[in-house]
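In what follows, every heavy atom counts, from backbone to side chain, and hydrogens, waters and symmetry copies are set aside.
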Amino acid sequence: MIRRLLPIVPVLLFASLLPAQAQVPADATPLIERAKIFGNPSKSGGRISPDGKWLSWIAPRDGVLNVWVAPASDSSHARVLTDEKLRPVRSSFWSPDSTVLLYIQDKGGDENFLLYGVDVASGKQISYTPFEKTRVRVIQISSKVKDRILVGINNRDARWHDVYSLELASGKLTLVQQNDGYAGYLADDTLTLRMASKARSDGGSPYYRMVDGKVDTTPLTEVGLDDSQTTAPLGFTADGKTLYWTDSRGRNTSALLAQDVASGKSMVLAQDPRADIADALYDPRTGRAQAYGLEYLRQEYVPLSNDIRDDLAFLKKNVKGQFSVSSRTDADDKWLLSVDPVTAPASAWLYERKTKRLKQLYVTRPELEGAPLVPMHAQEIRARDGLTLVSYLSLPKSVDASGSGRASTPVPMVLLVHGGPWARDSYGYRGYHQWLANRGYAVLSVNFRGSTGFGKQFISAGDLQWGRKMHDDLLDAVQWAVKSGVAGADKVAIMGGSYGGYATLAGMAFTPDTFACGVDIVGPSNLFTLLQTIPPYWEAGKQQFYKRMGDPNTEEGKALLRERSPLNFAGDIRRPLLIGQGANDPRVNVRESEQIVEAMSAKKIPVTYVVFPDEGHGFARPVNNIAFNAVTENFLGRCLDGRAEPIGDTLKASTAQVPHGAEFAPGLAQALR
């Protein structure tokens, strides 16, 4: 069942050798091949069909990830259903009647995701939304209505998604609701639209009741800017009588609420002062919340009722690693679990509730079994103004052979900054952490203010603080690492994608002596042009961007955006910088990278720029990801004195183009030749 109605809401000096007191022991840890970390997984994205008869997953076909299916009784009899030749399928999901596997796919990273289906019995492929310049949303999949689903399509007006009923067998689309300015809709289990949300000019959202396709003129309830990212309806029970909310109104962190639809009265089911409760496990038959997900330092399930309490206790005791329930049958007799041990590759398991039987279905990356993977350690770091920054540290085996989380001597460090910024870093296996730690670096990921999951006050503390207090949090985390003996002060790099790319550019431009070098992936350099080029289907979220970043329509906002744009301070960059960009990026336009490369080039400041013509906001094709990371690890190797696998032929297998600065990145010019 699809749940949740959310508002829609970035002179070249190479560091000297390590000082004597920070010499690192010789690292005898075997080098893990890049391709084993960033290449195609053997299998991923496992799902069990609602009727329990089928298993599905994503796996390579001729080197490209496609959709596979097998009988649940014998997963060895698998067959491939799709035939994508270039761009990988990254996820799939079942139709409610278990006859069709559905997936979304874009072209070249443009994020115009269209909906496709494959009939499991016949193998017939269906293009459900054969439109141009269109982005499809799945609005509701029901456990009751088996032959159709609700989808949102913005081919009439790119800003707004009209709601259609899609008949899965025939592909027929029937208009249910024309959207004339609503951010989103929520339907019940009969596929009846029950609620609509709209964006307010102050960044808040009113929620309206819907009856017979008509939206009430008076809001049912309203959510202000401060609560906008921590309050939303999650979904109805199967009988439509109860509506669940994640709700921070009147409190800091989101609580899980159950609202009686008839009376409007709400009851708090769960809350935690440390972290938001934003999701739950629901009974597939009744839609009733049975447990909630809580993530502060790590993710866990907390039971709300006795019906799955024993199951969760059994799994916690017998599963080796952090687990999540990825799908359940309609009869609720079988669950498919995703298990993450961190120091071993993730795996998928089938859990049979009646017999309490666990069966491993596959290991996502079997080539990493036995590899020298390292633990991840949760840290609570104090910011200068007292905020607690939940962070995650990985250390190379050379200085932490026992996995204690304490370095025997300082090592070079990569500060790896998450995107969003309205997102969060989490505990678990992370390819970038494992790769960089294996190359000899400490890796630190920080949930700076503005990150989600820690309450509305923590999010709002980042308002209008791009490049200021949000950046101060990153600097405070670096200082913590230096004082804790994790890193040497002159051997810290900053790296990230999207907002993490912005943070990299901000670090290099605003604090040019702090970081030894930087790696920016699809990061915005000019906040004016970023806001001018956001996709049209983000129209409902514009006011939130303005309130939390700076309003380009006011003089005060213009001044703020100007002073927070690294492009305007490109001349202050003094340390090595590597930039990666997808040419088709709809969120952070390619001009964001081109502008700062041009500005640095005009001032004769060296910078290396790698662009991929068939990618968007990040690199989905493994050959491209491997190619950029090959350049990155050799770049970091010179900057931080770490280990590196040679670039080799990785660029030839990719679509990488280097319009500027190949001579400034070790081995890149030779690899291009």
Side-chain angles (χ1 to χ4, degrees), residues 9-10 415 417-423 448-450 462-475 494-515 517-535 538 541-582 585-609 611 617 660-661:
V9 256
L415 180 68
V417 187
H418 72 68
W422 304 292
F448 47 86
R449 71 193 64 208
D463 289 356
L464 307 181
Q465 296 302 321
W466 283 47
R468 290 300 181 265
K469 289 183 179 180
M470 292 164 76
H471 188 60
D472 289 345
D473 289 345
L474 300 176
L475 300 179
I494 183 170
M495 174 177 172
S498 194
Y499 178 85
Y502 166 84
T504 296
L505 297 177
M508 302 300 289
F510 301 156
T511 52
D513 297 320
T514 298
F515 299 102
C517 54
V519 181
D520 153 37
I521 305 170
V522 296
S525 64
N526 183 338
L527 300 188
F528 277 111
T529 51
L530 173 70
L531 291 175
Q532 288 171 355
T533 57
I534 60 175
W538 284 7
K542 269 188 178 180
Q543 293 304 320
Q544 282 201 40
F545 283 119
Y546 296 166
K547 299 298 182 184
R548 296 194 187 275
M549 290 176 60
D551 191 340
N553 300 305
T554 68
E555 291 304 316
E556 182 181 12
K558 290 177 183 177
L560 186 148
L561 293 169
R562 191 176 301 114
E563 71 169 18
R564 309 296 171 82
S565 295
L567 176 65
N568 297 325
F569 302 88
D572 294 334
I573 297 174
R574 298 197 288 270
R575 300 282 174 83
L577 177 61
L578 170 65
I579 296 176
Q581 178 71 46
D585 193 339
R587 307 188 202 185
V588 178
N589 189 275
V590 66
R591 282 296 298 159
E592 293 301 315
S593 291
E594 291 173 346
Q595 288 176 99
I596 198 161
V597 170
E598 291 166 1
M600 294 176 67
S601 177
K603 295 180 180 294
K604 302 189 183 307
I605 303 171
V607 57
T608 301
Y609 179 39
V611 64
H617 197 61
H660 186 85

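Using a 4.5 Å heavy-atom cutoff, the side chains of Met600 and Leu577 are in contact. Contact check for Ile521 versus Thr504: no side-chain heavy atoms found under the 4.5 Å cut-off. Using a 4.5 Å heavy-atom threshold, the side chains of Leu415 and Phe515 count as touching. Contact of the Arg587 side chain with the Ser498 side chain is not registered, since no non-hydrogen atoms from C-beta on lie closer than 4.5 Å. Contact annotation: the side chain of Leu531 approaches that of Leu561 to within less than 4.5 Å [non-hydrogen atoms, C-beta and beyond]. Tyr502 places none of its side-chain heavy atoms less than 4.5 Å from the side chain of Glu592. Counting heavy atoms from C-beta outward, Leu530 and Phe545 have side chains that stay 4.5 Å or more apart.
Shortest non-hydrogen contact noted between Gly582 and Val522 is N-CG1, 3.8 Å. Of all heavy-atom pairs spanning Met549 and Trp422, the tightest one is CG-CH2, 4.1 Å. In terms of heavy atoms, Asp520 sits closest to Gly523 at OD1-N, 2.9 Å. Nearest heavy atoms, Ala509 versus Asp572: O-CB, 3.6 Å. Nearest heavy atom pair, residue Ala599 against residue Ala570, reads CB-CB, 4.0 Å. What you find for Ser593 and Ile579 is that their closest heavy atoms are OG-CG2, 3.5 Å.
The closest donor-acceptor contact from the side chain of Ser525 to the backbone of Pro566 lies at 3.5 Å or more, if one exists at all. When atom types are taken as modelled, the side chain of Asn568 and the backbone of Arg562 share a donor-acceptor pair closer than 3.5 angstrom. The main-chain N or O of Leu464 is found under 3.5 Å from a side-chain atom of Arg564 such that the two form a donor-acceptor pair. Side-chain atoms of Thr608 never come within 3.5 Å of backbone atoms of Leu578 as a donor-acceptor pair (strictly under, hydrogens ignored).
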Steps toward salt bridge (charged side-chain N to carboxylate O under 4.0 Å, His left out) verdict (Glu598, Arg591): CA-CA 10 Å; Glu598 291 166 1; Arg591 282 296 298 159; 3.0 Å; yes
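Ring geometry for Tyr499 versus Trp466: interplanar angle over 60°, hence perpendicular rather than tilted (30 to 60°).
Legend: residues meeting ring-ring contact (aromatic ring centres under 6.0 Å, His included) with Phe569, ordered by chain and number and at least two apart, are Phe510.
Residue Met508 holds its CE atom at 6.5 Å from SG of Cys517, rounded to the nearest 0.5 Å. Distance check, rounded to the nearest 0.5 Å: NZ of Lys547 to CD of Gln544 gives 11.0 Å. Rounding to the nearest 0.5 Å gives a distance of 10.5 Å between CG of Leu560 and CG of Asp551. Between the CG atom of Leu474 and the CZ atom of Arg449 there is a distance of 10.0 Å, given to the nearest 0.5 Å. One finds the CG atom of Leu567 at 7.5 Å from the OG1 atom of Thr529 (value rounded to the nearest 0.5 Å). In this structure, Leu527 CG and Glu563 CD are separated by 10.5 Å, a value rounded to the nearest 0.5 Å.
Under the 6.0 Å cut-off for aromatic ring centres, His471 and Phe448 do not qualify, their centroids lying 6.0 Å or more apart.
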